[in-house]
Protein chains: 4
Amino acid sequence: MNAEERKKHILTCAKKLFSQHGFYKTQISDIISDAGIARGTVYQYFSNKDDIFVTLVEDFYHDWEKSITLKLENLNLDQISPKQYIFHRIKNTLVFLETDRDLCNIVLRMGIGLHRDFDTLIEKFEKKIIKLVSGDLELGIRYGSVRKNINMELTANLLAGALFRLSYFYFVQKKAPHLDLDEITKEILDIIIPGIFVPQKK
Amino acid sequence: MNAEERKKHILTCAKKLFSQHGFYKTQISDIISDAGIARGTVYQYFSNKDDIFVTLVEDFYHDWEKSITLKLENLNLDQISPKQYIFHRIKNTLVFLETDRDLCNIVLRMGIGLHRDFDTLIEKFEKKIIKLVSGDLELGIRYGSVRKNINMELTANLLAGALFRLSYFYFVQKKAPHLDLDEITKEILDIIIPGIFVPQKK
Amino acid sequence: MNAEERKKHILTCAKKLFSQHGFYKTQISDIISDAGIARGTVYQYFSNKDDIFVTLVEDFYHDWEKSITLKLENLNLDQISPKQYIFHRIKNTLVFLETDRDLCNIVLRMGIGLHRDFDTLIEKFEKKIIKLVSGDLELGIRYGSVRKNINMELTANLLAGALFRLSYFYFVQKKAPHLDLDEITKEILDIIIPGIFVPQKK
Amino acid sequence: MNAEERKKHILTCAKKLFSQHGFYKTQISDIISDAGIARGTVYQYFSNKDDIFVTLVEDFYHDWEKSITLKLENLNLDQISPKQYIFHRIKNTLVFLETDRDLCNIVLRMGIGLHRDFDTLIEKFEKKIIKLVSGDLELGIRYGSVRKNINMELTANLLAGALFRLSYFYFVQKKAPHLDLDEITKEILDIIIPGIFVPQKK
DNA sequence: TATGAATGAGTATTCATTCAT
DNA sequence: GATGAATGAATACTCATTCAT
């Protein structure tokens with residue numbers, strides 16, 4: 001196992017344990033015994049326990065962003081309707097989140113305020129999300145599909161909150177094994193499109 | 001200061017500190033020096049640090065429920081329209097949450113999975129919220145104002161997530177001092193009513 | 001309840017609890033709740049927790065000594081044989097110890113060295129006991145009934161150890177309800193008299 | 001210093017301190033400063049303070065048993081008289097106990113009932129001792145050297161109590177540096193043999 | 001005299017991190 | 001690179017005692 005693989009291996013074990021028992025209840029001892037490595041080896045790859053966690057979460061954020069951006073590029077904006085566009089955006093988000101439920105459990109849970117240790121990490125992420133949703137809304141406004149008079153920050157937070165909650169509900173709490181994400185996305189759209197989109201003339 | 005008041009005093013100090021620094025970074029030492037009492041006194045009123053936290057959160061849940069229920073009784077369901085009803089419900093929730101921003105900060109933050117210590121506490125609360133929202137939706141369906149074909153659990157989670165996120169955004173993150181909750185409620189309704197309510201004939 | 005009675009009452013409750021749970025595991029809280037008095041009241045009668053314990057044990061030592069001395073006076077040394085004398089001494093000791101099994105449990109247990117707090121108390125007691133037994137042996141030597149060539153300190157310790165152990169065994173460990181102390185005393189004498197007493201000519 | 005040696009080292013330091021100041025008055029801080037190790041190191045070898053104490057006492061019991069059993073095997077029961085047998089048994093016990101006076105101080109002291117924490121530990125030991133002494137007595141009865149009509153449990157407790165007391169007296173209290181254990185054993189036998197053994201015909 | 005709320009000194013244990021091998 | 005024994009800072013909780021009422 002080379003350096004790259006070993007680092008990945010540690011992250012995978014840590015992710016599983018963090019998801020199961022949380023950050024504080026997961027000890028370095030648990031990680032090394034799960035990974036089958038020596039105590040000191042962890043510190044060859046990570047500067048400390050926080051570093052493992054931050055790496056995990058930032059990788060997640062990075063992959064998310066990349067996944068969304070990549071898929072966006074595949075959409076030919078001229079050929080699809082605004083509704084189709086928003087459908088893909090939401091579905092792609094759900095598809096991505098479904099892939100790694102451990103990370104959903106780590107990142108999306110409604111946490112009562114037990115800590116402030118990683119506030120910067122979360123804030124950075126939250127800003128990014130809100131900016132992303134706002135971007136889509138602004139795009140929609142430019143294209144004439146989204147109401148001009150929406151309160152941007154309110155709407156972006158409403159949508160983000162709704163999507164996080166649903167992902168956490170379906171992927172972590174409910175542990176539903178086979179979800180029809182097409183259907184779910186459609187139902188989400190049925191609820192939010194009428195209030196956000198400009199009514200279409202027939 | 002009698003027993004009742006002293007217990008309340010400890011809770012108030014603890015709440016402020018938990019909100020500022022989180023549960024784990026708040027020491028018993030911080031609480032007693034902030035409350036101006038002796039170390040042992042805390043343990044006259046609470047069995048341990050967890051107990052303070054749980055009391056705080058459960059009081060919050062209890063007050064919330066009571067506040068919502070009480071205000072519900074004041075609504076004369078026969079004299080108000082379904083839209084007015086939902087307006088009051090959402091506004092009352094926001095009014096309640098605005099009152100205690102420390103507790104919003106403790107209870108509503110999107111927590112990355114640092115702990116599993118109070119999972120039961122959160123789950124109990126989450127179930128209650130979802131049940132409450134579902135109840136309102138079912139009421140709406142019976143009254144013919146809410147679409148019959150909504151996916152109940154999806155909609156309830158979507159609404160709860162949206163409302164939590166917005167409360168956290170406005171009351172904790174933005175720290176907006178003077179908010180027009182009437183206006184905010186109206187804008188929330190503008191977004192969600194079209195997708196949930198049966199279209200009204202003129 | 002007057003002062004005298006109240007002090008006695010506290011001692012009785014403390015004795016029971018010390019016997020059941022030991023000194024360290026018995027808390028002032030246990031004593032006051034058992035005695036049905038207020039926390040501060042204990043300190044009206046005793047200067048601290050140690051004082052209760054010491055009073056209890058010293059009372060025991062004092063009563064023991066008094067009991068033995070008193071009963072000794074009732075023996076007419078000229079009219080009884082040395083064997084009868086030693087019989088009464090041992091039996092009286094057993095009778096006294098049987099009366100208060102709680103105190104036996106407190107005072108006679110073979111303690112592994114968990115503490116040094118009351119070393120002086122125990123030493124004082126141990127010296128007294130050894131002196132008492134030695135006194136009897138010397139009396140026996142003067143009367144010509146006990147071997148002249150016994151090792152005094154060895155014999156005294158051997159007898160004291162044997163008697164303590166048997167009392168603890170019968171009164172605390174075995175919790176035998178109805179013991180024939182006459183019979184037990186006789187059996188003890190059967191074992192120790194031949195080795196200590198001068199063989200009697202017929 | 002390897003793992004084995006280090007554990008032994010901690011035990012030795014703890015033993016000395018427990019003997020000097022008792023279990024409760026000996027702090028972990030005392031042990032580590034005496035052993036010249038770090039606080040955490042203790043917990044690499046023992047799960048807690050109790051564990052150190054229990055290990056110490058159980059090792060003692062185990063060594064005692066082993067010592068007695070081993071020496072027993074070296075006695076050729078056919079070539080020695082019953083008196084010689086009992087002489088060796090008692091002397092070997094004394095020799096063993098003399099070797100480790102700290103442990104005698106920990107294990108053999110007459111403790112007033114300050115604790116109940118290690119009751120099971122003591123009880124196990126006491127039962128073993130009584131069984132051992134009873135075994136010897138029964139052997140004597142089979143060989144025709146011990147009186148058939150002795151009260152077994154009384155005699156066993158009497159002998160055990162006597163021997164404990166004498167060991168504690170000589171090895172802990174008196175701190176006698178050079179003891180003639182042959183002589184002491186002989187004197188013990190002079191006292192107990194006549195009452196327990198069947199009189200020998202000439 | 002009796003009360004009981006308040007006190008605060010005292011202590012075992014945890015666990016992330018280091019560094020010599 | 002890998003190891004794992006050693007480290008030591010950090011922290012909640014207990015419980016005998018006090019003293020104002």
Side-chain angles (χ1 to χ4, degrees), chain A residues 1-3 6-7 23-33 35-53, chain B residues 1-3 5-7 10 24-33 35-52, chain C residues 1-3 6-7 23-33 35-53, chain D residues 1-3 5-7 10 24-33 35-52:
Chain A
M1 203 186 282
N2 64 30
R6 181 151 298 207
K7 186 167 186 176
F23 178 78
Y24 290 114
K25 284 269 185 290
T26 300
Q27 281 140 37
I28 294 290
S29 302
D30 300 328
I31 296 172
I32 61 169
S33 78
I37 56 173
R39 187 162 289 266
T41 307
V42 172
Y43 294 88
Q44 301 273 353
Y45 297 94
F46 300 94
S47 49
N48 50 38
K49 193 183 162 188
D50 279 24
D51 188 26
I52 306 178
F53 192 79
Chain B
M1 203 186 281
N2 63 28
E5 288 166 346
R6 182 148 298 215
K7 187 166 186 176
I10 296 171
Y24 291 114
K25 283 269 185 289
T26 300
Q27 260 76 287
I28 292 290
S29 303
D30 301 329
I31 296 173
I32 61 171
S33 76
I37 55 173
R39 189 160 290 269
T41 307
V42 172
Y43 294 90
Q44 294 261 354
Y45 296 93
F46 301 94
S47 48
N48 50 39
K49 195 181 157 188
D50 278 25
D51 189 26
I52 305 179
Chain C
M1 205 186 282
N2 64 28
R6 183 151 296 209
K7 186 166 185 176
F23 179 77
Y24 291 114
K25 285 267 185 290
T26 300
Q27 281 141 35
I28 294 292
S29 303
D30 300 328
I31 296 173
I32 61 170
S33 78
I37 55 172
R39 188 162 289 268
T41 307
V42 171
Y43 294 87
Q44 300 274 354
Y45 297 94
F46 301 94
S47 49
N48 51 37
K49 193 184 164 189
D50 279 22
D51 188 27
I52 305 178
F53 192 77
Chain D
M1 204 186 280
N2 64 29
E5 288 166 345
R6 181 145 302 213
K7 188 167 184 176
I10 296 172
Y24 291 113
K25 284 269 185 290
T26 300
Q27 258 77 289
I28 292 290
S29 303
D30 300 329
I31 296 172
I32 62 170
S33 76
I37 55 172
R39 189 159 289 271
T41 307
V42 173
Y43 293 89
Q44 294 257 355
Y45 296 93
F46 301 94
S47 48
N48 51 37
K49 195 182 157 188
D50 278 25
D51 189 26
I52 305 178

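No hydrogens, no waters, no symmetry mates; every other heavy atom, side chains included, goes into these values. Quick note on labels: first sequence line is chain A, next is B, and so on, each numbered from 1.
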Exercise. When the distance from OH of Y43(A) to P of dT3(F) is rounded to whole Å, what number comes out?
Worked result: 15 Å
For this session: Tell me which of T41(B) and I37(D) sits closer to the 5' end of DNA chain F, going by the nucleotide each one is nearest to.
Result: I37(D)
Problem set entry | Nearest-nucleotide 5' precedence on DNA chain F, T26(B) against G40(A) | G40(A)
For this session: Would you kindly give the CZ-to-C1' distance between F23(A) and dC15(E), to the nearest whole Å?
Result: 12 Å
Exercise. Ignoring hydrogens and geometry, is there a side-chain-to-backbone donor-acceptor pair from K7(B) to F46(B) under 3.5 Å?
Worked result: no
For this session: Answer with base, sugar-phosphate or nothing: what part of the nucleic acid does Y45(C) contact at a heavy-atom distance below 4.0 Å?
Result: sugar-phosphate
Problem set entry | dT3(E) - base-pair partner by Watson-Crick or wobble geometry, distances under 3.5 Å | dA20(F)
For this session: Let me know, please, whether S29(D) or S29(A) comes out on the 5' side of the other along DNA chain E by nearest nucleotide.
Result: S29(D)
Exercise. With no hydrogens and no angle check, do the side chains of S29(C) and R39(C) hold a donor and an acceptor under 3.5 Å apart?
Worked result: yes
For this session: Please lay out, stage by stage, how I52(A) and Y45(A) fare under the test side chain to side chain contact (heavy atoms under 4.5 Å, CB included).
Result: CA-CA 9 Å; I52(A) 306 178; Y45(A) 297 94; over 6 Å; no
For this session: Could you check how far CZ of R39(A) sits from P of dT18(E), rounded to whole Å?
Result: 13 Å
Seminar exercise, completed: Among dT17(F), dG8(E), dA16(E), the one nearest any side-chain atom of K49(A) is dA16(E)
Exercise. Counting only side-chain N and O atoms of Q27(C), is one of them less than 4.0 Å from OP1 or OP2 of dC15(F)?
Worked result: yes
For this session: Nearest whole angstrom, please: distance from the P of dT18(E) to the CG of N48(A).
Result: 8 Å
Exercise. Rounded to whole angstroms, how far apart are CZ on F53(A) and P on dA16(E)?
Worked result: 14 Å
For this session: Return the value, rounded to whole Å, for the distance between atom OH of Y24(B) and atom P of dT14(E).
Result: 16 Å
For this session: For residues S47(A) and D51(A), report the shortest heavy-atom separation together with the two atoms involved.
Result: N-OD2, 3.1 Å
For this session: Could you state the atom-to-atom distance from CZ of R6(C) to P of dT1(E) in whole Å?
Result: 11 Å
Exercise. What about Q44(C), does its side chain sit under 3.5 Å from the base of dA2(E) through a donor-acceptor pair?
Worked result: yes
Exercise. Would you call K49(D) and V42(D) a side-chain contact if the rule is heavy atoms closer than 4.5 Å?
Worked result: no
Exercise. How long is the line joining CD1 of I32(A) and P of dA5(F), in whole Å?
Worked result: 10 Å
